[in-house]
Amino acid sequence: PELATLAGGIILIGGGFLIGFGARYAGGCTSGHGITGLAAFELGSLLAVVGFFVGGLISTHLLLPLLLGGGS
């Protein structure tokens with residue numbers, strides 16, 4: 001589909017870099033915060049998981065359609 005284009009490849013590589021950077025910066029990965037951190041009732045993990053979710057929604061519904069030229 002549209003992710004198989006040059007723009008899609010750049011988005012995938014950029015997203016992978018940002019995930020790696022964010023995991024290192026936050027002191028853990030999304031799964032670590034979501035599973036272990038929430039199970040231990042850590043406030044930092046709760047904030048991280050909410051941030052991941054909101055960031056995913058923004059990326060999916062606002063940024064991706066703009067970057068790939070689609071949108072409704």
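Every value quoted in this text rests on a predicted model; they were computed, and no experiment measured them. One is the number of the first residue; the rest follow in order along the sequence.
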Summary of side-chain hydrogen bond (donor to acceptor under 3.5 Å, both in side chains) pairs that have at least one residue in residues 11-20, sequence neighbours excluded: none
Qualifying side-chain hydrogen bond (donor to acceptor under 3.5 Å, both in side chains) pairs, either residue in residues 36-47, two or more places apart: His33-Ser45
Transitive ILVMFWY cluster of Ile19, excluding itself - 4.5 Å side-chain cut-off: none
Residues clustering with Ile10 (ILVMFWY side chains joined when closer than 4.5 Å, directly or via others): Leu6
Residues in ring pair (Phe, Tyr, Trp, His ring centres under 6.0 Å) contact with Phe17, at least two apart in sequence or another chain: none
Partners passing ring pair (Phe, Tyr, Trp, His ring centres under 6.0 Å) against Phe41 (at least two apart in sequence or in another chain): none
Inter-residue atom distance Ile11.CD1 - Thr5.OG1, 0.5 Å rounding: 7.0 Å
For residues [X] and [Y]: do they belong to one hydrophobic cluster (side chain heavy atoms under 4.5 Å, members Ile, Leu, Val, Met, Phe, Trp, Tyr)?
X	Y	value
Leu46	Val54	yes
Val50	Leu38	yes
Leu18	Tyr25	no

Over all atoms of both residues, closest heavy-atom pair of Gly34 and Val49: CA-CG2, 3.6 Å
Pairwise ring pair (Phe, Tyr, Trp, His ring centres under 6.0 Å) hits with a residue in residues 48-69, at least two apart: none
